[in-house]
Amino acid sequence: MTSPNPAPLLLPYHLEHTPATTAQPGATALHRVRLTIGNDPTGRTTWPIRCQRVALALPVADNASAPADEPVILRTRLDLERGHGRGRQWLVETTTTDPSTTLLTLVPAEPAHFDGTWTLALTLDISSPLGNRTRITEDTALGDTSPQRRAGNAPLTATPLPN
């Protein structure tokens, strides 16, 4: 018996990737990913959207080889304007037990109400070279309807390195 396909994502996502540069001697080069949630310049999103959870599965690049005994190095930073309905405080949980994927889960202390006037931005520095597609799952609902698990993919857009 197969499970039904999850509903499509409600929230708009934008992922930017800056490849790692050569590290200083003794340091590890880190790739940077910036995820922006809630910015819809196309105007295709139906607002408001209530969000209880967002998870990103970041696959390691197909041609990458990381030693199994070497830990993944991660640094995360959330940028969020404070205000009513913005989830109050967000927890970022990371899971690196699968060598082929890093999982990030973002959970607000209270449901966030995205209305098109604010965004949530996560900056991630990671030692693993990343694949070009990210799997996203969200627990969201339109307005006051019941939240539903939704899933989709988002491409990583390459960002040039600053000069």
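- With Ile126 as reference, Val72 is the one residue of Val72, Leu30, Thr28 to meet the side chain to side chain contact (heavy atoms under 4.5 Å, CB included) rule.
- Scored by the ring pair (Phe, Tyr, Trp, His ring centres under 6.0 Å) test, His113 finds no partners at all (sequence neighbours excluded).
- Follow the hydrophobic side-chain contacts under 4.5 Å out from Leu106 and you reach Trp118 in the same cluster.
- Looking at residues two or more places apart in sequence or on another chain, you find no salt bridge (Lys or Arg N to Asp or Glu O under 4.0 Å) involving Arg50.
- By the salt bridge (Lys or Arg N to Asp or Glu O under 4.0 Å) test, Glu93 is found to be paired with no residue, residues two or more places apart in sequence or in another chain being considered.
- To the nearest 0.5 Å, the span separating OG1 on Thr45 from CG on Asp40 amounts to 3.0 Å.
- Once rounded to the nearest 0.5 Å, the distance linking CG of Leu35 with CG of Leu124 reads 9.5 Å.
- Contact annotation: the side chain of Leu10 approaches that of Arg150 to within less than 4.5 Å [non-hydrogen atoms, C-beta and beyond].
- When all heavy atoms of Val60 and Pro99 are compared, the closest pair comes out as CG2-O, 3.4 Å.
- Remark: the backbone N or O of Val33 is not paired with any side-chain donor or acceptor of Glu16 at under 3.5 angstrom.
- Both Val92 and Phe114 belong to a common hydrophobic cluster when Ile, Leu, Val, Met, Phe, Trp and Tyr are linked at side-chain heavy-atom distances under 4.5 angstrom.
- Checked against salt bridge (Lys or Arg N to Asp or Glu O under 4.0 Å), Arg135 has no partners two or more places apart in sequence or in another chain.
- For Asp139 (side chain) and Gln52 (main-chain N/O), no donor-acceptor pair under 3.5 Å exists by modelled atom type.
- Linking ILVMFWY side-chain heavy atoms closer than 4.5 Å, directly or via other members, places Leu11 and Leu142 in a single hydrophobic cluster.
- Residues passing the side chain to side chain contact (heavy atoms under 4.5 Å, CB included) test with Glu110 are Arg88, sequence neighbours excluded.
- The two residues Trp90 and Ala112 make their nearest non-hydrogen contact at CZ2-CB, 3.5 Å.
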Give every donor-acceptor pair under 3.5 Å between a side-chain atom in residues 74-84 and any protein atom, sequence neighbours left out.
from: Arg75; atom 1: NH2; to: Asp125; atom 2: OD2; distance (Å): 3.3
from: Arg77; atom 1: NE; to: Asp79; atom 2: OD1; distance (Å): 3.4
from: Arg77; atom 1: NH2; to: Asp79; atom 2: OD2; distance (Å): 3.4
from: Asp79; atom 1: OD2; to: Arg34; atom 2: NH1; distance (Å): 3.4

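- Residues satisfying the side-chain hydrogen bond (donor to acceptor under 3.5 Å, both in side chains) criterion with Asp115, sequence neighbours excluded, are Thr117.
- Distance alone, capped at 3.5 Å, places no donor-acceptor pair between the Thr101 side chain and the Asp98 backbone.
- Inter-residue side-chain proximity for Leu9 and Thr137 is flagged as unmet; no heavy-atom pair is nearer than 4.5 Å.
- Across every non-hydrogen atom of Pro108 and Cys51, the tightest pair is CG-O, 3.7 Å.
- By the salt bridge (Lys or Arg N to Asp or Glu O under 4.0 Å) test, Arg133 pairs with no residue at all, sequence neighbours left out.
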Would Leu91 and Thr105 count as a side-chain contact (heavy atoms from CB on, under 4.5 Å) if you check the C-alpha gap in whole Å, the side-chain angles of each, and the deciding distance to 0.1 Å? CA-CA 8 Å; Leu91 174 66; Thr105 305; over 6 Å; no

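- Residues meeting the side-chain hydrogen bond (donor to acceptor under 3.5 Å, both in side chains) test with Thr36, sequence neighbours left out: none.
- Taking 4.5 Å as the limit, some side-chain heavy atom of Leu104 sits within range of a side-chain heavy atom of Leu58.
- Side-chain contact between Val54 and Tyr13 is present, with at least one heavy-atom pair separated by less than 4.5 Å.
- In this structure, OG1 on Thr134 lies 5.0 Å from CG on Leu15, to the nearest 0.5 angstrom.
- Judged as a side-chain hydrogen bond (donor to acceptor under 3.5 Å, both in side chains), and not counting sequence neighbours, Thr119 has no contacts.
- For the side-chain hydrogen bond (donor to acceptor under 3.5 Å, both in side chains) test, no residue two or more places apart in sequence or in another chain qualifies with Thr96.
- Applying the ring pair (Phe, Tyr, Trp, His ring centres under 6.0 Å) rule to pairs touching residues 25-49 yields His17-His31, sequence neighbours excluded.
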